[in-house]
There are 2 protein chains.
Amino acid sequence: MKVDTNDIIQELRRVGLRATPQRCTILQAIKQLNNHPTADEILEYIHKKQPNVAVGTVYNTLDTLVSSGLLKRVKTDSGSMRYDGILHHHHHLYCSRCGKIMDYNDADLDELLNDFFSKKGIQNFSIQGIRLDFHGHCTSKQQTEKS
Amino acid sequence: MKVDTNDIIQELRRVGLRATPQRCTILQAIKQLNNHPTADEILEYIHKKQPNVAVGTVYNTLDTLVSSGLLKRVKTDSGSMRYDGILHHHHHLYCSRCGKIMDYNDADLDELLNDFFSKKGIQNFSIQGIRLDFHGHCTSKQQTEKS
DNA sequence: CTCACTGCAAAGGTTTTGCAGTGGG
DNA sequence: CCCACTGCAAAACCTTTGCAGTGAG
């Protein structure tokens with residue numbers, strides 16, 4: 001995914017953050033990787049271009065970006081946190097074979113769920129958002145055969 | 001939730017595990033707590049009755065129980081892992097105010113989703129299970145918890 | 001120029017591991 | 001009895017924090 005540095009700078013300023021080189025690099029990295037990376041994967045990716053970015057800075061920056069709404073955390077059941085640079089509403093496909101987390105968009109599905117819960121609701125709970133986790137495995141290309 | 005120790009022992013044996021006192025206590029604790037506890041919360045709860053259970057044992061046992069299918073991990077976007085002793089299919093309500101994770105069962109919803117995806121499917125992905133995360137907050141004054 | 005931000009390293013929290021000893025089957 | 005399991009403590013992660021120095025606005 002091609003991401004323009006100027007867009008990144010604008011995005012940072014829009015939420016009232018200083019556009020430091022580190023923040024630009026980190027935000028750009030997540031958008032380019034586009035793969036729900038861990039802090040460590042981000043660090044590794046960044047170090048190829050800018051070896052002088054500190055670990056603490058990456059974590060601090062990620063927290064800042066999440067607080068400012070420029071990033072989202074992705075829920076996992078493994079040890080370390082993952083980050084998502086795609087802000088619009090979407091769901092996730094968790095592949096049990098390759099471990100990847102892929103994005104899934106479906107307006108029909110969202111409409112179906114909205115209809116369902118606007119009628120029914122949930123007792124003692126006010127719904128603000130619904131996210132679906134699909135568990136399974138990818139079937140593209142080399143993995144077409146069954147186990 | 002009342003949980004019979006003999007049932008726990010049977011459950012452990014059924015999957016081919018030795019029914020050690022530690023494993024019984026840990027599995028029973030999770031089922032009694034019924035609150036998606038962290039390893040630390042489990043340890044604290046257990047220590048009231050059996051102070052001689054080691055931290056390492058709790059983690060090892062939790063891993064073992066998950067591998068054997070007697071427990072599930074719960075996805076979170078916070079630092080530490082949570083565990084679920086309820087094995088049948090269900091969804092989770094994440095309360096942004098009290099931080100609790102509650103269970104949600106809905107056969108109509110599951111049927112709706114099954115219908116939707118059995119017709120449609122997802123390109124390049126074989127669905128094995130769908131879990132919904134509801135984000136929002138609880139609206140009950142006091143909860144008559146029961147499941 | 002100034003203060004929010006960074007680098008660095010140490011500390012903090014959670015989970016894993018190594019090993020000698022124990023008890024469940 | 002024997003070996004899978006435990007206790008204990010150290011180590012390995014992952015993330016946060018403190019502080020002096022720096023550069024974005």
Side-chain angles (χ1 to χ4, degrees), chain A residues 5-6 8-27 29-30 36-47 49-68 70-71 73-83, chain B residues 5-6 8-30 36-47 49-68 70-71 73-83 99:
Chain A
T5 307
N6 283 327
I8 297 284
I9 293 175
Q10 293 313 316
E11 223 178 324
L12 286 166
R13 296 223 172 114
R14 186 167 47 76
V15 296
L17 291 176
R18 279 197 188 174
T20 66
Q22 293 84 347
R23 284 179 180 165
C24 293
T25 311
I26 290 169
L27 189 49
I30 293 167
H36 317 93
T38 61
D40 204 54
E41 287 165 353
I42 295 164
L43 192 65
E44 195 188 348
Y45 182 81
I46 284 174
H47 268 22
K49 306 170 189 172
Q50 298 189 210
N52 58 326
V53 178
V55 189
T57 301
V58 171
Y59 281 101
N60 285 335
T61 301
L62 289 171
D63 276 358
T64 306
L65 295 176
V66 169
S67 303
S68 303
L70 297 183
L71 282 184
R73 290 187 208 280
V74 179
K75 284 193 188 54
T76 66
D77 55 4
S78 77
S80 48
M81 197 68 77
R82 295 185 167 274
Y83 296 87
Chain B
T5 308
N6 283 327
I8 298 285
I9 293 174
Q10 292 313 315
E11 222 177 324
L12 286 166
R13 295 225 173 112
R14 188 169 46 76
V15 296
L17 291 177
R18 278 197 189 176
T20 66
Q22 293 84 351
R23 284 180 181 165
C24 291
T25 311
I26 289 169
L27 189 49
Q28 200 168 16
I30 293 167
H36 315 95
T38 61
D40 204 53
E41 287 163 352
I42 294 163
L43 192 65
E44 196 187 348
Y45 182 81
I46 284 174
H47 269 21
K49 307 171 191 172
Q50 298 190 210
N52 57 327
V53 178
V55 190
T57 300
V58 172
Y59 281 102
N60 285 335
T61 301
L62 288 170
D63 275 359
T64 306
L65 294 176
V66 169
S67 302
S68 304
L70 297 184
L71 283 184
R73 291 188 209 279
V74 179
K75 286 193 187 56
T76 66
D77 54 4
S78 78
S80 47
M81 197 67 80
R82 295 185 167 275
Y83 296 87

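To find a chain, count down the sequence lines: A is the first, B the second, and so on, and within it residues start at 1. Here the structure is a predicted model, which is why all the values come from computation and not from measurement.
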Contacts under 3.5 angstrom, residues 73-80 of chain A side chains, donor-acceptor by atom type, not counting sequence neighbours:
unit_1: A:Arg73; atom_1: NH1; unit_2: A:Tyr83; atom_2: OH; d: 3.1
unit_1: A:Arg73; atom_1: NH2; unit_2: A:Asp63; atom_2: OD1; d: 3.2
unit_1: A:Lys75; atom_1: NZ; unit_2: B:His135; atom_2: NE2; d: 3.1
unit_1: A:Thr76; atom_1: OG1; unit_2: A:Ser78; atom_2: O; d: 3.4

Nucleotide [N], atom [atom2] - distance to [atom1] of [X] in whole Å:
{"X": "B:Ile9", "N": "C:dG23", "atom1": "CD1", "atom2": "C1'", "value": "15 Å"}
{"X": "A:Ile8", "N": "D:dA24", "atom1": "CD1", "atom2": "P", "value": "17 Å"}
{"X": "A:Ile26", "N": "D:dT15", "atom1": "CD1", "atom2": "P", "value": "14 Å"}

* **Any A:Gln22 side-chain N or O less than 4.0 Å from OP1/OP2 of D:dG23** =>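 Negative; the distance criterion is not met.
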* Asked: Any side-chain N or O of A:Thr57 under 4.0 Å from OP1/OP2 of C:dG7?
  ->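 Checking C:dG7 against A:Thr57, a side-chain N or O does come within under 4.0 Å of OP1 or OP2.
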Under the side-chain hydrogen bond (donor to acceptor under 3.5 Å, both in side chains) test, residues paired with [X] that sit two or more places apart:
{"X": "A:Tyr59", "value": "none"}
{"X": "B:Gln10", "value": "none"}
{"X": "A:Arg18", "value": "none"}

* **Same-atom distance (C1') from D:dT6 to D:dC2, integer angstrom** =>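 16 Å, rounded to whole Å.
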* What pair of heavy atoms forms the shortest contact from A:Leu12 to A:Ala19, and how long is it? ->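 Answer, listing the atom of A:Leu12 first, then A:Ala19: CD1-CA, 4.0 Å.
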Would you tabulate the nitrogen or oxygen pairs shorter than 3.5 Å linking the protein to nucleotides 2-4 of chain D?
unit_1: D:dA4; atom_1: O4'; unit_2: B:Arg18; atom_2: NH2; d: 3.3

* Asked: Side chains of B:Thr38 and B:Met81: closer than 4.5 Å at any heavy-atom pair?
  ->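 They are not in contact (no side-chain heavy atoms under 4.5 Å apart), so the answer is no.
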* Heavy-atom side-chain contact between A:Leu17 and A:Leu65 under 4.5 Å -> yes
* To do: Name the closest nucleotide to the B:Thr20 side chain, picking from C:dC8, D:dT6, C:dC5.
  => D:dT6
* Considering the options A:Ile42, A:Leu27, A:Thr57, which one meets the side chain to side chain contact (heavy atoms under 4.5 Å, CB included) requirement together with A:Leu62? ->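 Looking at A:Ile42, A:Leu27, A:Thr57, the match for A:Leu62 under the side chain to side chain contact (heavy atoms under 4.5 Å, CB included) is A:Ile42.
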Protein-nucleotides 12-16 of chain C N/O pairs under 3.5 Å:
unit_1: C:dT15; atom_1: OP1; unit_2: B:Met81; atom_2: N; d: 2.9
unit_1: C:dT15; atom_1: OP2; unit_2: B:Tyr59; atom_2: OH; d: 2.3

